[in-house]
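To keep things clear, I will list the structure first and then write my remarks on it.
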Amino acid sequence: MQPILPNHLAGRWQTGTGGGQLLRDPVLGEALVRVDAQGLDLEAGFAFAREHGGKALRALTYRERAALLSAVVDVLQQNRDAYYDIATANSGTVRRDSAVDIDGAIFTLKHYARIGATLGDARHLPDGEAASLSKDGQFQSLHVQVPSRGLALLINAFNFPGWGLWEKAGPALLSGVPVVVKPATATAWLTQRMVEDVVKAGVLPAGALSIVCGSPAGLLDALQPFDLLSFTGSADTAQRIRSHPAIAREGVRLNVEADSVNAALLLPDGADRADRADGRALELLADEVVREMTVKSGQKCTAIRRVLVPAHCYDAAAAAIAERLARVSVGNPRNASVTMGSLVSRTQLDAVHAGLAALQAQTQTLVDGTAAPLIDADPQVACCIGPTLLGARDAGSDIVHETEVFGPVATLIPYGGSGNREQDIGEACALIRRGKGSLVASLYGTEAATLAATALELADSQGRVHVITPDVAGTQTGHGNVMPQSLHGGPGRAGGGEELGGIRALNFYHRRCALQASTAVLGALATGA
Ligand code: NAP
């Protein structure tokens with residue numbers, strides 16, 4: 001029998017009373033560990049986090065909390081090798097892909113430690129300038145942001161067990177809000193191990209960091225009005241969460257990061273060359289599409305799913321992407337010649353096959369990865385699938401714009417051909433908008449004015465617009481890489497949430513209040529930090 005990972009709640013380690021759910025190696029099929037949350041007293045655990053963790057964190061200044069984040073970074077750095085081993089075993093990722101999760105987590109935490117240090121010895125944040133409410137200017141309104149006096153429940157998706165924890169927990173702890181994390185069951189081991197290391201190192205106050213692994217049953221019922229819920233996962237689960245009484249009736253603040261059918265767009269080049277796209281831009285697009293299809297086997301919420309190219313570039317784009325995909329080797333991440341590992345579970349593999357079949361019914365298959373030979377892995381056991389490129393000759397088909405296959409799958413879509421460049425770009429933007437709101441779109445071209453105008457045209461439908469031009473080819477951070485300096489989240493179907501974006505991330509964990517008082521009272525706020 002595999003060991004059950006202990007949960008950390010109410011300041012102590014607690015093992016569920018049930019049999020638990022088994023986590024498996026998705027490549028070798030071996031049983032790893034079990035998780036179980038049955039029988040936990042969630043209400044008591046949440047109360048402990050609010051009363052002890054929250055109180056201790058709020059007693060500290062931003063600078064002191066930033067030092068806590070730095071201490072967490074040190075702990076994670078010291079145990080980094082173990083995290084890589086767990087990621088290989090439980091997520092089936094090659095080292096490069098594990099780094100996105102593990103080193104991405106450490107990088108993001110360091111960023112928030114740096115931000116916190118700049119906020120100094122305060123315990124609340126100013127929010128704009130005072131506005132006079134009286135003719136003599138003596139009575140004023142000043143907005144302040146203060147830490148929420150609840151806990152932050154973080155419910156995460158399976159694809160980022162490391163980064164998904166710390167990109168949320170960093171801003172929460174810096175804000176003075178205690179965290180309870182519920183990782184996705186399939187990959188809960190890495191999250192649990194990181195929490196275990198940090199708790200055992202004793203670098204955070206008791207109650208500041210708790211973890212519940214296993215079934216989410218009862219978690220939302222234990223929330224109270226001043227708590228916060230930050231959810232990452234599918235749109236279906238988000239819908240269930242939105243209608244839970246804690247959200248719908250009690251007003252628990254909710255942030256949702258959900259599905260997204262992200263797009264990459266190759267623009268037609270300058271007006272004088274309206275008949276063709278710039279060759280270099282096309283190469284950059286092909287590089288990025290292949291990276292996005294293959295990193296973490298396409299299991300990234302920000303991955304490129306739709307690739308829009310001018311109709312006359314369709315064949316050239318298909319050939320450029322296919323040539324690069326031919327160099328991808330799929331299989332056991334422990335084999336040094338493998339460049340792409342597996343999906344996280346049999347359930348995910350089945351879901352990818354089903355989504356692919358639905359898309360293939362209305363597209364042509366340009367590169368078929370389903371029959372790709374596997375290196376060092378048994379196709380009957382390993383949850384591996386090669387990258388598949390589809391082609392939609394009919395750009396208007398709904399399914400292409402609405403289906404997120406959470407794996408190494410993208411669809412090439414032609415646009416334009418009217419002979420009018422503005423009209424063609426307008427058509428491409430309209431197609432991108434049929435994704436109903438996305439996390440990120442990337443643009444490829446050479447003409448700054450056209451790229452800037454197109455970025456603004458798309459901005460209300462995207463959380464981020466990533467523009468790749470030849471001059472930044474070597475320095476751009478990647479379509480799908482979420483940088484802590486930039487907003488993460490998207491409107492509409494993407495959930496409507498906002499995370500990261502530098503100091504903006506702290507807004508979710510603070511409450512804004514308008515203080516109406518005399519200038520003398522408002523002036524005393526600065527000294528009463
Ligand atoms: P999921 O099935 O929706 O699960 C997400 C999390 O919700 C898991 O921790 C899950 O726990 C939990 N959960 C399930 N039912 C719940 C309920 N009724 N109440 C509370 N929590 C519940 O999503 P997933 O399969 O893990 O992740 C894949 C999806 O996440 C994709 O659609 C992807 O686009 C999206 N995603 C979005 C982002 C983003 O930032 N926008 C990032 C990553 C992934 P269990 O695992 O125990 O069921």
Side-chain angles (χ1 to χ4, degrees), residues 7 16 20-23 34-38 42 90-91 100-101 104 108 153-165 167-168 180-189 191-192 211-223 229-247 252 254-262 296-305 343-345 347-352 355 402-407 409 435 437-440 462-464 480-482 486-500:
N7 304 288
Q21 286 168 271
L22 189 61
L23 276 51
R34 288 177 297 144
V35 293
D36 184 39
Q38 199 171 304
L42 296 173
N90 193 192
S91 292
V100 180
D101 190 31
T108 302
L153 174 61
L154 316 179
I155 299 182
N156 278 334
F158 67 79
N159 55 340
F160 280 103
W163 176 84
L165 162 62
E167 62 102 12
K168 290 177 178 9
V180 178
V181 61
K182 146 69 184 121
T185 294
T187 57
W189 193 10
T191 316
Q192 194 277 349
I211 184 166
V212 176
C213 300
S215 162
L219 283 172
L220 272 61
D221 300 320
L223 290 175
L229 172 55
S230 183
F231 168 78
T232 298
S234 64
D236 286 347
T237 308
Q239 192 181 346
R240 278 199 293 280
I241 286 177
R242 281 197 171 98
S243 58
H244 189 278
I247 314 299
V252 166
L254 172 67
N255 191 76
V256 171
E257 303 286 343
D259 304 5
S260 183
V261 193
N262 310 296
K296 289 178 97 44
S297 300
Q299 299 168 111
K300 255 166 66 230
C301 52
T302 49
I304 296 170
R305 310 291 179 196
L343 300 174
V344 297
S345 65
T347 309
Q348 285 308 311
L349 183 63
D350 293 345
V352 166
E402 292 176 3
T403 307
E404 181 202 53
V405 178
F406 211 59
V409 179
S438 303
L439 295 171
V440 52
Q462 311 291 318
R464 181 160 60 84
N481 271 357
V482 176
S486 299
L487 181 73
H488 176 59
R493 175 183 177 153
E498 288 197 356
E499 289 181 341
L500 302 175

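Both ligands and their constituent atoms are indexed starting at 1 by order of listing. These numbers were taken from a predicted model, which means no experiment stands behind them.
- Cys301 CB, 3.2 Å is the protein heavy atom nearest to atom 37 (C) of ligand 1.
- Counting heavy atoms of neighbouring residues, nucleotides and ligands inside a 6.0 Å radius, atom CD of Glu402 exceeds 12 of them.
- Note that CZ of Phe160 is 12.0 Å distant from OG1 of Thr191, once rounded to the nearest 0.5 Å.
- Nearest heavy-atom pair, Trp163 versus Val482, reported as atom, atom and distance to 0.1 Å: CZ2-CG1, 3.5 Å.
- Within ligand 1, the atoms closer than 4.0 Å to a non-hydrogen atom of Ala157 are 26 (O), 27 (O), 30 (O), 43 (C), 44 (C), numbered from 1 in the order shown.
- For ligand 1, the polar-atom distance check against Phe160 finds no nitrogen or oxygen pair separated by under 3.5 Å.
- Among Arg305, Lys182, Glu167, the residue whose heavy atom lies nearest to atom 10 (C) of ligand 1 is Lys182.
- Atom OG of Ser297 and atom CG of Asn159 lie 11.5 Å apart (nearest 0.5 Å).
- Put simply, the side chain of Asp101 gets close to the backbone of Gly162: a donor and an acceptor are under 3.5 Å apart.
- Considering backbone and side-chain N/O atoms, Glu404 comes within less than 3.5 Å of an N/O atom of ligand 1.
- Considering OG of Ser486 and CZ of Arg464, their distance stands at 6.5 Å, rounded to 0.5 Å.
- The protein heavy atom nearest to atom 21 (N) of ligand 1 is Pro216 CB, 3.5 Å.
- Of the options Thr237, Val212, Leu220, a side-chain contact (heavy atoms from CB on, under 4.5 Å) to Ile155 is made by Leu220 and by none of the others.
- Proximity to Phe231 (heavy-atom distance under 4.0 Å) selects the following atoms of ligand 1: 3 (O), 5 (C), 6 (C), 7 (O).
- From the protein, the heavy atom lying nearest to atom 6 (C) of ligand 1 is Asn156 O, 3.3 Å.
- Per-residue contacts place Thr185 under 4.0 angstrom from the following atoms of ligand 1 (heavy atoms of the residue considered): 45 (P), 46 (O), 47 (O).
- Checked against a 3.5 angstrom limit, the closest N/O atoms of Ser215 and ligand 1 fall outside it.
- Distance screen at 4.0 Å: atom 13 (N) of ligand 1 has a protein heavy-atom neighbour inside the cut-off.
- Here the heavy atom of the protein found nearest to atom 4 (O) of ligand 1 is Thr237 OG1, 4.4 Å.
- Ser91 and Lys296 share no side-chain donor-acceptor pair at under 3.5 Å.
- With ligand atoms numbered from 1 in the order given, ligand 1 contributes 43 (C), 44 (C) to contacts under 4.0 Å with heavy atoms of Asn159.
- With hydrogens left out, the protein atom closest to atom 19 (N) of ligand 1 is Ile241 CG1, 4.0 Å, a heavy atom.
- Nearest to atom 23 (O) of ligand 1 among the protein's heavy atoms is Ser234 N, 3.4 Å.
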Asn156/Lys168 under side chain to side chain contact (heavy atoms under 4.5 Å, CB included): CA gap, chis, key distance, verdict = CA-CA 10 Å; Asn156 278 334; Lys168 290 177 178 9; 3.0 Å; yes

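- The shortest separation from a heavy atom of Ala494 to ligand 1 is not under 4.0 Å, leaving the residue out of contact.
- Below 3.5 Å of separation, one finds an N or O of Ala258 facing an N or O of ligand 1.
- Residues Gln348 and Val344 come closest through the heavy atom pair CG-CG2, 3.7 Å.
- Scanning all protein heavy atoms for the shortest distance to atom 33 (C) of ligand 1 gives Phe406 CE1, 3.3 Å.
- The distance from ligand 1 to the heavy atoms of Gly214 drops below 4.0 Å at these ligand atoms: 47 (O).
- Side-chain atoms of Thr403 and Val261, non-hydrogen and from C-beta on, never get closer than 4.5 Å to each other.
- Residue Ile155 has at least one heavy-atom neighbour below 4.0 Å for each of these atoms of ligand 1: 6 (C), 7 (O), 9 (O), 12 (C), 20 (C), 21 (N).
- Remark: ligand 1 and Asp259 share an N or O pair separated by less than 3.5 Å (distance only, no angle test).
- In terms of protein heavy atoms, atom 24 (P) of ligand 1 is closest to Phe158 CD2, 3.5 Å.
- Listed for the Ser215 side chain is a donor-acceptor partner under 3.5 Å among the backbone atoms of Ala217.
- Residue contacts with ligand 1: His488 is included, with a non-hydrogen atom under 4.0 Å away.
- A distance-only check finds a donor-acceptor pair linking the side chain of Asn7 to the backbone of Asp36 [under 3.5 Å].
- Judged by the shortest distance from any of its heavy atoms, Gly489 lies outside the 4.0 Å radius around the atoms of ligand 1.
- Considering backbone and side-chain N/O atoms, Thr232 never comes within less than 3.5 Å of an N/O atom of ligand 1.
- Nearest heavy atoms, Asn255 versus Glu257: ND2-OE2, 3.3 Å.
- For the 3.5 Å distance criterion, the side chains of Asn262 and Ser260 qualify, holding a donor opposite an acceptor.
- With ligand atoms numbered from 1 in the order given, ligand 1 contributes 9 (O) to contacts under 4.0 Å with heavy atoms of Pro183.
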